[in-house]
Amino acid sequence: MSSSSSPRRRTSHTPSRRAAALALVGVSALIAAAVQSGAATAAPVKAPQAAGQAIPGSESVRLTPAQRAELIRGANADKAQTAKELGLGAQEALVVRDVLKDADGTVHTRYERTYAGLPVLGGDLVVESTPAGATASVVKATRAAVKPATTTAKVPAAKAEAQALSAAKAEDAKNPDVNRAPRKVIWAANGTPTVAYETVVGGFQHDGTPQELHVVTDATSGAKLYEWEAIETGTGNTVYSGQVTIGSTQSGSTYNLTDGTRGSHKTYNLNRGTSGTGTLFSGPDDVWGNGSPSNLESAGADAAYGAQLTWDYYKNVHGRSGIRGDGVGAYSRVHYGNNYVNAFWSDSCFCMTYGDGSGNANPLTSIDVAAHEMTHGLTSNTAGLNYSGESGGLNEATSDIFGATVEFYANNPSDVGDYLIGEEININGDGTPLRYMDKPSKDGSSKDSWYSGIGSIDVHYSSGPANHFFYLLSEGSGAKTINGVSYNSATSDGLPVTGIGRDKAEKIWFRALTTKFTSTTNYAGARTGTLAAAGELYGTTSAEYTAVQHAWAGIAVGARPGGGGGGTSFESTTDVSIPDNGAAVNSPITVSGRTGNAPSNLAVAVDIVHTYVGDLRVQLIAPDGTAYTMKAYGTGGSADNLNTTYTVNASSEVANGVWNLRVQDNAAVDTGYINGWTLTFP
């Protein structure tokens, strides 16, 4: 029996638009731990010689699977020495998860961590090494030292199991059952690292989506610490892309939907089932589908085409061979369930799965949906952003961002590139898209800008600010028309943003995702990571670096460079630890070159990483010692992190001199630090 690969494959599709109902799936919105730490600022201090061009050697190279495997072997051989250099304790060990290499020889190695042999959840970190092998910088998911008081559990595993099942039932899960018994771990994603149980509950979510609910239980007190859903969902409908060429394989006289040129990606027909792989699409000819949803091959062809485009995009644009970078393809399953209006990615099967929509007449297999789901796999195998709270919103936004960039990359005349999510599915019945990147709030639920409670809403809506940031960075604010689509993007502060182009913006986000973000990255951490990525690629004095600052300020994360609007800003980026239930700490900024008094609208932008901000009192201290309380103790609720701008009437104060941000933690247990702050004189 002979076997040959046929990369050129014709499928016949008829363009159409079909309406479908949508049940957006999200986990119970817990406030994420979201601790981003480590100085992700290893960047060139000057711009490249050719303005607008990436610094030579700064971009990651395309590694073959064999080259990547060799780098991982080297990192594994040296991981004990690396742990020692990082100052990890005797009971801590590193586990290599991913590696990238820049053209100049810089290597970025991502590690998980163990303590006394137990997995440390939230202990992941990224080490950047020089070409000579020296450690240049480290980004950690947690700043706290991993030194739990004990590794001995005081509550039985059965209690954790019961708690996890209760959490699933609270979400109206169908037939929940423990599919991974409680395992003992160290929970380090927020607060003080502690011994805990992680329990995984299977079954189905309320709408029929498979469930993989992770529940973390304190093994000493029995309290629930955290939960997240590992099945990462998106939405869409069949976008008939015209006649396209896809990869298939011939074996004797039979053809099947196995793409031999892209990691042997396979496309299966579940035929309304909800488990297993189903049946590999095969037939006597090399033509799949006829463009009608009633022909089961049509959805299979769309899924295969979308996976092919996404594979090519990551390989050709970002130099990554497959989701894991190892040259191995995931697989796709279509025709999942009955009237299932969703699509999802699952780590456990390393696959994308698509339902057929309302009435089983609208398969959810569009280009942007395929790219969205495949990108969830990429995120899981790189940053591992927790799918809850702010990190969950960034996870979803990453899939939307690259769903859009893959659509632009495809350059398919039947589905032109745009910054609209699910624009072809007519989910609302009136021709409007599911989500808008230029103004996320137009969908009625997503948020345009960051605010302190955004981690408490569904991740599909907390993704809005990051989507908005990417649009602003790519295209800028204001009214414009791109590929026939009209946009009009406003900013949170009313000031303009000038875009740098999608090609540069996608490079910056990908580099930040793969070398700067960790499992607990929040919006403030995403700003830090993208600035570091822009600095490495284009220089810290480049227009690109400044544009990243402007775009984040445009969604209320961080300050404008130079104060925006012609003002002047003074910034401190020095980390200052905040003692738990201890004395107040100060972070100073020296103001000089001003005349007269400070203004009545002095802008004070604070970036404080801290669990349970209600414990904090935050004050601005003038040069003469006068204290202006901006946030009183007991306000702010139970939210994590404080990233906001206060307006202070400081008109009675002399402008020049040393100003201080004073922060005090007034209650026990929760910890954090001042990540930075800015004074802006309008």
Side-chain angles (χ1 to χ4, degrees), residues 3 5-7 9 11 65 202 208-210 212 230-234 236 238 241 244-251 254-283 286 288-289 296-315 320-337 340 342-356 363-382 399 402-403 406 410:
S3 178
S5 178
S6 174
R9 173 61 195 276
T11 65
T209 302
E212 193 176 313
I231 299 296
E232 297 167 353
T233 55
T238 301
S241 302
V244 297
T245 299
I246 58 177
S248 61
T249 298
Q250 180 182 5
S251 181
T254 301
Y255 296 86
N256 61 69
L257 275 184
T258 299
D259 192 338
T261 63
R262 297 176 179 85
S264 293
H265 171 273
K266 293 177 170 58
T267 306
Y268 293 93
N269 177 14
L270 279 174
N271 198 28
R272 313 284 185 247
T274 57
S275 62
T277 56
T279 304
L280 181 66
F281 278 102
S282 61
D286 204 19
W288 307 91
L296 297 185
E297 287 187 351
S298 297
D302 275 328
Y305 178 57
Q308 168 183 305
L309 288 170
T310 309
W311 176 286
D312 289 352
Y313 168 79
Y314 282 122
K315 183 176 182 180
R320 190 173 183 89
S321 182
I323 287 173
R324 291 189 298 242
D326 60 0
V328 177
Y331 64 88
S332 297
R333 306 184 302 176
V334 298
H335 305 305
Y336 172 90
Y340 179 65
N342 221 321
F344 59 89
W345 164 267
S346 173
D347 282 332
S348 60
C349 68
F350 197 62
C351 70
M352 294 80 70
T353 304
Y354 307 90
D356 282 322
L364 284 83
T365 49
S366 65
I367 292 173
D368 52 359
V369 170
H372 179 110
E373 302 309 336
M374 214 163 156
T375 298
H376 275 311
L378 170 72
T379 299
S380 178
N381 283 274
T382 54
S399 283
F402 289 125
V406 169

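In this chain, numbering begins with 1 at the start of the sequence shown. The basis for the numbers below is simple: all heavy atoms, side chains too, and nothing from hydrogens, waters or symmetry mates.
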Between Thr274 and Tyr340, is the side-chain contact (heavy atoms from CB on, under 4.5 Å) condition met? List the steps. CA-CA 10 Å; Thr274 57; Tyr340 179 65; over 6 Å; no
Spatial distance of atom CG (Asp347) from atom CD (Glu212) [nearest 0.5 Å]: 7.0 Å
Value for CZ (Phe344) from SG (Cys349), rounded to nearest 0.5 Å, stands at 7.0 Å
Apply side chain to side chain donor-acceptor pair (under 3.5 Å) to residues Tyr305 and Thr365 and explain how you reach the verdict. CA-CA 9 Å; Tyr305 178 57; Thr365 49; over 6 Å; no
If you measure from CG on Leu270 to OH on Tyr336, what distance do you get to the nearest 0.5 Å? 8.5 Å
Going from CG on Leu364 to CG on Asn342, what distance comes out if it is rounded to the nearest 0.5 angstrom? 7.0 Å
Ignoring hydrogens and geometry, is there a side-chain-to-backbone donor-acceptor pair from Ser298 to Gly289 under 3.5 Å? no
Verify side-chain contact (heavy atoms from CB on, under 4.5 Å) between Asp302 and Val334, making sure each step is shown before the conclusion. CA-CA 10 Å; Asp302 275 328; Val334 298; over 6 Å; no
Does His376 offer a backbone N or O that forms a donor-acceptor pair with the side chain of Ser380 under 3.5 Å? no
As an exercise, state the distance from CE of Met352 to OH of Tyr331, rounded to the nearest 0.5 Å. 10.0 Å
Side-chain heavy-atom pair Phe350, Arg324 within 4.5 angstrom cut-off: yes
For His335, the option from Asn271, Thr353, Asp356 that meets side-chain hydrogen bond (donor to acceptor under 3.5 Å, both in side chains): Asp356
For a side-chain contact (heavy atoms from CB on, under 4.5 Å) check, start with the C-alpha distance between Thr277 and Lys266, then their side-chain angles and the critical distance, and finish with the verdict. CA-CA 10 Å; Thr277 56; Lys266 293 177 170 58; over 6 Å; no
Is a side-chain donor or acceptor of Gln308 paired with a backbone partner of Gly247 at a separation under 3.5 angstrom? yes
Which label fits Phe402 and Tyr313: parallel for a plane angle under 30°, tilted from 30 to 60°, or perpendicular past 60°? tilted
dist Asp286:CG -> Thr254:OG1 (nearest 0.5 Å) comes out at 11.5 Å
Do Arg333 side-chain atoms and Ser275 backbone N/O form a donor-acceptor pair below 3.5 Å? no
Determine whether Tyr354 and Pro363 make a side-chain contact, defined as any pair of heavy atoms from C-beta on separated by less than 4.5 Å. no
Taking it one step at a time, do Ile323 and Trp345 satisfy side-chain contact (heavy atoms from CB on, under 4.5 Å)? CA-CA 12 Å; Ile323 287 173; Trp345 164 267; 3.7 Å; yes
Are Tyr314 and Ser321 close enough that some pair of their side-chain heavy atoms sits under 4.5 Å apart? no
Donor-acceptor contact below 3.5 Å, side chain Thr258 vs main chain Thr249: no
